[in-house]
Every structure is written in C-alpha cells, then in structure tokens.
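Chain letters run A, B, ... following the sequence lines, proteins first, then strands; residues in each count from 1. On a predicted model such as this, the values are computed, not experimentally measured, just so you know.
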There are 2 protein chains.
Amino acid sequence: MVKERVTVVDIARAAGVSKSTVSLVLQGSSLVNEVTRAKVNATIRELGYVYNRSAANLRQSKSKIIGIVVNDLTNSFFAELAVGVDTVVQSAGFVQFLANTSEKIERQREVVASMREHGVSGLIISPARGTEAADLAPLVESGIPVVLVVRDIADAGVSSLTSDNHAGAMAAVRHLIDRGHRRIAFLGGFPDTAVFEARMRGYREALLEAGLDAADGLVIGSAPSRAGGVTAIEQAMMLSDRPTAALCFNDAVAFGVCDGLRARRLEPGADFAVIGFDDVIEAKTAVPALTTVSVDPQGMGQRAAELLLKQINAGRAEAESIIGSVRLVVRQSCGAAIERKTREALS
Amino acid sequence: MVKERVTVVDIARAAGVSKSTVSLVLQGSSLVNEVTRAKVNATIRELGYVYNRSAANLRQSKSKIIGIVVNDLTNSFFAELAVGVDTVVQSAGFVQFLANTSEKIERQREVVASMREHGVSGLIISPARGTEAADLAPLVESGIPVVLVVRDIADAGVSSLTSDNHAGAMAAVRHLIDRGHRRIAFLGGFPDTAVFEARMRGYREALLEAGLDAADGLVIGSAPSRAGGVTAIEQAMMLSDRPTAALCFNDAVAFGVCDGLRARRLEPGADFAVIGFDDVIEAKTAVPALTTVSVDPQGMGQRAAELLLKQINAGRAEAESIIGSVRLVVRQSCGAAIERKTREALS
DNA sequence: ATTCATAATTGGAACGTTCCAAATTCGTCA
DNA sequence: TGACGAATTTGGAACGTTCCAATTATGAAT
C-alpha cells in the first residue's frame with residue numbers, strides 16, 4: 001500500500017513530453033499548445049499526481065503560505081477574525097498557518113520562529129500582551145510583510161490595522177449620557193494594554209465633555225472574559241455610590257456583566273444599562289440584545305488579509321497604519337433610560 | 001534591505017567545517033564533538049541563519065505539519081477543539097494548518113487538496129455535512145494518517161474520535177424525568193447528521209424506558225446555533241401541549257433557547273428546564289449556569305492530536321475508533337439547584 | 001526553395017537540505 | 001612504532017520543482 005510518489009518526470013514520461021512542459025502546464029502558462037496541455041492534464045489525473053509545494057518553494061523562494069497568530073482563539077472575536085482572514089487568503093490560493101499563543105510571549109516566540117522556518121510569505125499577528133518591537137524585528141529585517149491586528153505596537157515599523165477604540169468608547173458613553181445616566185462605569189480588560197488605554201481615554205473624555213467627573217473608582221479592570229465581567233460588576237455593585245450603567249471592555253465582559261446583574265436580580269437593559277465592544281456574533285441574538293460598538297471582527301480579518309496580500313504582491317510596501325472606523329449599534333441592553341421613562345409615564 | 005538567504009554552506013564556511021557537520025548539529029546528533037557543536041551554534045546565531053524546512057521536507061519526505069480542518073470555527077466548540085489540538089501538536093514540534101470549511105463540501109475539497117500538496121503528515125478533520133468516505137480515499141491511499149473528530153463517517157477506514165452521544169443524551173433525559181418532567185422536547189440540530197441521530201436516539205430511548213411516548217412533534221430541528229435555538233423554542237411553544245423541559249442539540253442551541261424563553265418572560269431553570277450538550281467554556285459562567293453533557297472540546301482536541309501523532313510515528317497504524325465518555329454536569333438551567341433549595345426549605 | 005518570425009518544446013542547472021559511504025583524526029594497546 | 005577501533009568529519013548524490021537559454025517545429029512571405 002505504500003505508493004511511491006508520482007513526480008513531474010513520471011508524468012512527462014507517460015505523456016511523452018519533457019518535464020519542463022509539464023511544469024509549464026502546472027502553472028497554467030499560455031506558452032503550451034492546447035492539445036499537449038489536455039494530454040498532460042489527462043495523464044496527471046490518471047496517475048494521481050500530487051503537486052509538491054515544498055519542492056516548488058525551494059526553487060522559487062516564495063511560498064503560498066501566510067501565518068496568523070492570535071493571542072486567544074477561545075475568544076470568539078479572534079475566532080471570527082481568523083475565519084475572516086481564512087476566507088480571503090484561501091481564495092487568493094494561499095493557505096494559513098494558524099497558531100494560538102494563549103497570551104504567552106514565549107509560545108509566541110516559538111510559533112513565529114516556526115513560521116519563519118516554514119517560509120511564510122507574510123504574517124498577521126494579534127500580539128500577546130507585552131510583545132515588543134524587538135520581537136518582530138527579525139521578521140521585518142528579512143523582508144517578510146507583517147500586519148498587526150487589534151493591538152498596535154509602537155515603532156515596530158510594520159503595518160497595523162486597529163479600530164478606532166477612542167471614538168467608539170466616546171460614542172458609547174455619550175449615548176449613555178444622553179439617556180440620562182450620570183454614574184457610568186468602565187468595566188473589564190487589562191489596564192496595561194493599548195486597547196484598554198484607548199477605550200478608557202474615550203470614556204473619560206466623553207464624561208469630561210459632559211461636565212461629569214471621571215472618578216477613578218468607576219474604572220474596574222478584570223480579565224477580558226465573561227468570568228472577568230462577573231467579578232467586575234460584583235466589585236462595582238459594592239461601591240457606596242453605585243453606577244447605573246457601564247461601558248464594558250468587550251462583549252465577553254459585557255455578557256459576564258449581564259450574568260452578574262441577573263445573579264443580583266437586576267435585569268440588564270431595564271435596571272442597569274450595559275454596552276459592549278466588538279459586536280461578536282452572539283451580540284444580536286442574546287437576550288437582551290447587546291448594545292455594542294461594532295468592530296466587525298470578520299471584516300477586520302478580511303481587511304487585514306487584503307492588506308497583507310497587497311504587501312506580498314507589491315514585494316516591499318512601506319508600513320501603513322489603518323484605523324478602522326467603528327459604529328455604535330444600539331440594541332436593548334442599554335435600554336435603562338427608556339424603561340425608566342416608561343415607568344415614570346405610567347406612575 | 002533585501003538580505004539574501006544564509007544557508008548551511010554559509011555557516012559551514014564561516015565555522016570552518018563541512019555542511020554535513022552543520023546539518024548534524026542542526027538535528028542535534030550525538031555524533032558531533034562538543035566543541036564543534038558550540039562553534040557551529042555560535043556561527044548560526046551570529047549570521048542569523050534560519051532553517052529552511054521546505055528544503056528539508058524535500059529531502060526526507062516527511063514534514064512537521066499536520067492539518068486540521070473544521071466545519072465551523074465560529075462555533076466555540078470547534079475553536080476550543082482547535083486550541084486543544086494546537087497545544088499538543090506544538091509541543092511535539094509540529095505546526096498546524098488550520099482551515100475552516102463553513103460546512104461547504106467544495107471548500108473542504110480544496111483545503112484538503114491544498115494540505116496534501118503541502119505535505120502534511122497527518123490530518124484531523126471534523127468533516128462538513130455530507131462528506132463521504134470517497135472524499136477521504138485519496139488521503140488514505142497515499143498513506144496519510146487521518147483522524148475524524150466529532151463526526152464519524154462509515155467505512156472510511158480511518159480512525160475516529162467521537163463522543164458517546166447516545167449515552168449522554170440518555171443521561172440528560174433521565175435526569176429530567178427524575179425531576180418530574182413528562183413533556184420533554186429535543187431541540188435544534190440538523191436531522192441529517194450522525195450526531196443528531198445518536199443524540200436523538202438516546203433521547204427516545206430514555207423516554208421509552210420510562211414508559212413515556214416519544215412523540216415526533218417534540219423533536220424540532222434547526223441550525224445548530226444560538227439563532228437556531230431561538231427559533232426552535234419558539235416553535236416548541238406554539239405546540240398545543242407545551243413541553244416543560246428540553247434537551248438541546250448543543251450548548252449554542254441551549255443558549256438560544258434561554259434567550260427565546262426570556263423573550264417570552266419565562267426564566268430558564270425556574271419556569272422551564274434546559275440542558276445543553278458539549279460544555280463549552282461559557283456554560284459554567286452563564287446565568288443561569290447551563291446544565292449540560294460535558295464533552296470537553298479542548299480535551300477532545302488533545303486526544304485527537306495524540307492519536308494522530310501516534311499514528312504518524314508508528315508509520316502505519318490501523319484505524320481505531322474511540323468513543324469518548326461523557327458526563328452530565330448538573331448546574332442551574334435544569335432547575336436542579338432551585339428545586340433542592342426549595343425542598344430543604346420545606347423540610 | 002529559402003528566409004524569417006513566431007509558437008512550442010526542451011535539457012540542464014539551480015534551490016537548501018539530508019543521507020550514505022568513505023575518509024580522517026584520535027587515543028590506546030601491544 | 002604500528003595497528004586497531006572508536007569518534008568525528010566530510011564530499012557528493014539525491015529530493016521534485018522552476019527557470020533560463022537554446023532548440024525545434026510551424027507557417028507565412030518572399
């Protein structure tokens with residue numbers, strides 16, 4: 001049962017042409033006559049030939065592989081990002097190496113090295129916490145296009161695709177203020193990340209703009225996960241002067257906050273307004289449907305892939321930083337004000 | 001800026017040894033003297049050499065790549081499965097090609113072909129709906145180990161790792177019956193899949209065992225997603241004789257069912273019992289915490305990877321079918337805790 | 001018939017590694 | 001000193017492709 005490999009020379013011999021001709025057919029060259037092309041293709045099918053990309057890579061040192069490394073595939077935001085990348089990358093005839101770092105910088109070093117050894121022709125990376133420009137230096141030195149997604153790294157000299165976290169956070173908080181909220185918390189996320197910093201800055205700015213003071217006590221960090229959201233809201237509810245609304249670091253945290261509220265017999269949307277960030281796929285079907293700042297992870301993955309492919313094809317493109325715009329999607333979880341108004345109207 | 005490649009010969013020249021020696025060092029052979037090894041390693045670092053796996057693959061036709069293809073990466077069950085695979089595969093020095101088929105058989109064909117061309121030394125696949133044994137035939141003929149996960153395919157002649165869907169469903173339904181439920185629905189999932197069939201059979205059998213009749217009307221299919229769960233429960237509630245409990249096809253459906261119940265002002269766990277299947281990571285933090293049949297997706301990914309690696313190392317292992325055991329994790333969505341508390345209060 | 005342009009085809013030399021058989025060095029023992 | 005075995009080292013020859021320069025076939029124009 002151990003079949004030995006069928007190679008181009010086998011095909012060539014069987015079809016009565018030279019291996020060069022077979023190679024030409026394989027790459028769809030227009031140089032080859034229609035009838036020979038047909039004959040060769042027939043032979044290929046007949047002998048069950050499979051193309052050996054390792055060999056091809058060796059000769060023409062450019063592979064059809066791109067790498068994508070994410071810090072937490074378990075988070076559906078990143079899973080969706082990955083499928084976004086996958087769709088465009090696939091249809092461009094590339095294939096993706098996907099690695100998950102679980103936020104561990106050591107693991108990230110390994111996988112990046114491994115990808116380099118495999119000759120990826122480009123890399124999309126959502127870097128683990130604490131990644132520095134130096135970690136990416138070898139890549140850029142060897143001329144491999146890199147695009148950072150979600151998290152930017154200062155002075156890395158590579159392209160990046162982030163979203164307008166600052167504007168998104170401002171829009172969300174303004175909305176809460178418009179609805180009459182005065183004590184608004186910012187819940188979840190690790191404070192030492194650039195994304196946290198940007199969202200928090202937007203939150204602060206919107207508060208100041210409205211003449212509200214941005215007390216530090218209402219900013220409560222946590223793991224950026226559902227479980228983290230639960231603990232963050234618990235902490236928030238222990239405050240002497242409780243908030244009535246919260247902007248959450250991301251949707252996962254927001255769901256956790258909803259869970260935590262229910263555990264206290266508070267109905268999210270009615271008794272407390274919550275807004276998320278990301279607009280993951282579950283946001284619209286959840287009950288109450290989550291008001292959130294839409295980042296469109298899948299679209300982001302697609303754009304990142306397009307950017308990367310552009311750089312790969314261009315040979316050597318200079319770094320560009322794209323800040324994707326973002327929009328507030330108002331659904332039900334921030335409906336506190338409405339409910340209150342209704343209640344007042346009834347009384 | 002365009003650095004040309006540093007190769008083993010460059011290292012050899014710089015270190016004053018032959019390329020063979022460098023190669024030996026690279027593979028950590030014990031044949032080479034300690035001091036030369038050190039010298040070579042120093043040179044490697046100094047010149048910034050990066051190993052070229054394409055070249056190595058070409059020579060010793062076995063790569064350090066395994067492929068994993070899943071039918072829906074957006075579903076966190078599969079995302080977790082993928083990270084499970086990733087962890088063990090990484091630490092064995094392999095790297096994974098991950099592809100998402102979005103349940104499209106055509107896409108699956110492409111990605112499998114592509115992986116073959118890249119010379120993966122093994123493949124883990126959760127096949128798209130409608131995959132037949134013939135689709136995998138080329139793989140097995142060329143001696144590439146394949147392990148099916150989650151969904152088995154009859155007569156494919158490859159290893160498979162599934163979970164005991166039948167027993168899990170029975171346990172769940174028995175539990176509901178024990179709690180006094182008599183009208184129990186089976187919600188969600190595509191009826192034309194083996195997994196659906198197995199779970200449904202378990203559901204039926206548990207009902208019959210208890211002398212309840214398994215009316216067809218209580219089995220309602222839908223997309224195996226959160227949105228599908230919403231529609232399924234809506235349909236169930238339109239029945240003249242409504243169910244009081246449901247076993248859901250998977251956790252995503254179960255969450256959707258909870259959403260749908262809330263939309264009707266029914267509290268899952270209190271007014272209606274729901275049990276999921278899979279035990280995804282959110283199941284324990286959701287409110288109410290989801291009672292579910294635990295399948296441990298990450299562990300499943302790990303076991304699949306281990307099985308695959310075993311076969312890769314063994315050269316040619318015969319197919320084995322593993323049916324992972326499964327256990328019911330009782331949390332709050334089936335009303336268990338509440339009932340218990342009530343009972344204690346009464347006594 | 002000859003010439004010439006164009007279309008098609010083709011050998012061989014890479015690409016960067018591993019593997020094999022053979023060669024070299026080294027220490028030890030007679 | 002010579003011989004011998006073990007420990008190291010080393011030249012090629014692969015591996016399966018692509019690319020280049022060169023060759024051959026084709027057909028039209030003279």
Side-chain angles (χ1 to χ4, degrees), chain A residues 2-41 43-44 47-65 93 114 116-121 142, chain B residues 2-41 43-44 47-65 93 114 116-121 142:
Chain A
V2 187
K3 247 186 206 171
E4 76 260 18
R5 268 192 169 293
V6 180
T7 77
V8 279
V9 266
D10 298 322
I11 302 294
R13 200 172 8 242
V17 296
S18 78
K19 60 177 169 32
S20 304
T21 305
V22 177
S23 174
L24 255 12
V25 171
L26 252 19
Q27 353 186 4
S29 163
S30 63
L31 290 182
V32 35
N33 184 292
E34 207 43 64
V35 356
T36 23
R37 177 196 309 282
K39 187 170 52 186
V40 169
N41 277 327
T43 321
I44 284 178
L47 300 198
Y49 166 76
V50 344
Y51 187 76
N52 183 333
R53 271 178 208 278
S54 286
N57 287 351
L58 180 54
R59 184 60 231 260
Q60 39 160 54
S61 50
K62 55 170 175 189
S63 73
K64 285 298 213 171
I65 307 177
S114 170
R116 211 143 85 92
E117 292 183 353
H118 280 96
V120 297
S121 30
S142 52
Chain B
V2 187
K3 246 186 207 171
E4 78 257 19
R5 268 194 169 292
V6 180
T7 77
V8 279
V9 263
D10 298 322
I11 303 294
R13 202 172 6 242
V17 296
S18 79
K19 60 178 169 32
S20 304
T21 306
V22 178
S23 174
L24 255 12
V25 171
L26 252 19
Q27 339 179 24
S29 163
S30 63
L31 290 182
V32 33
N33 185 292
E34 207 42 65
V35 355
T36 24
R37 177 197 309 282
K39 187 170 53 186
V40 169
N41 278 327
T43 321
I44 283 178
L47 300 197
Y49 166 76
V50 345
Y51 186 76
N52 183 333
R53 272 179 207 277
S54 285
N57 287 350
L58 181 54
R59 186 58 232 260
Q60 43 160 50
S61 53
K62 56 172 176 189
S63 72
K64 284 298 214 173
I65 307 177
S114 169
R116 212 144 85 92
E117 293 183 353
H118 279 96
V120 297
S121 32
S142 52

First encountered from the 5' end of DNA chain D, between B/L58 and B/E34: B/E34

Five-pair end axes of the helix from C/dA1-D/dT30 to C/dA30-D/dT1, angle between them (10°): 60°

Near-strand residues of residues 14-29 of chain A, defined as heavy-atom separation under 4.0 angstrom from DNA chain C: A/V17, A/S18, A/K19, A/S20, A/T21, A/L24

Under 3.5 Å: donor-acceptor pair, side chain of B/S121, backbone of B/S63: yes

Side chain A/N41, main chain A/A38, donor-acceptor under 3.5 Å: no

From CA spacing to verdict: side chain to side chain contact (heavy atoms under 4.5 Å, CB included), B/R53, B/I65: CA-CA 10 Å; B/R53 272 179 207 277; B/I65 307 177; over 6 Å; no

Touch class at under 4.0 angstrom, heavy-atom based, for B/T36 against every strand present: sugar-phosphate

Sugar-phosphate only, base, or nothing, as touched by A/S61 at under 4.0 Å among non-hydrogen atoms: nothing

Residue list, side chain to side chain contact (heavy atoms under 4.5 Å, CB included) with B/S18, at least two apart or on another chain: B/S20, B/T21

Residues A/L58, B/N52; criterion side chain to side chain contact (heavy atoms under 4.5 Å, CB included); working and verdict: CA-CA 8 Å; A/L58 180 54; B/N52 183 333; 4.3 Å; yes

For A/R116, all residues meeting salt bridge (charged side-chain N to carboxylate O under 4.0 Å, His left out), sequence neighbours excluded: none

Nucleotides bounding contact with chain B, strand DNA chain C, heavy-atom threshold 4.0 Å: C/dG16 to C/dC19

Return all side-chain donor-acceptor pairs below 3.5 angstrom for residues 24-32 of chain A, not counting sequence neighbours, or 'none' if the list is empty.
from  : atom 1 : to    : atom 2 : distance (Å)
A/Q27 : NE2    : A/S23 : O      : 3.4
A/Q27 : NE2    : A/S23 : OG     : 2.9
A/S29 : OG     : A/L31 : N      : 3.0

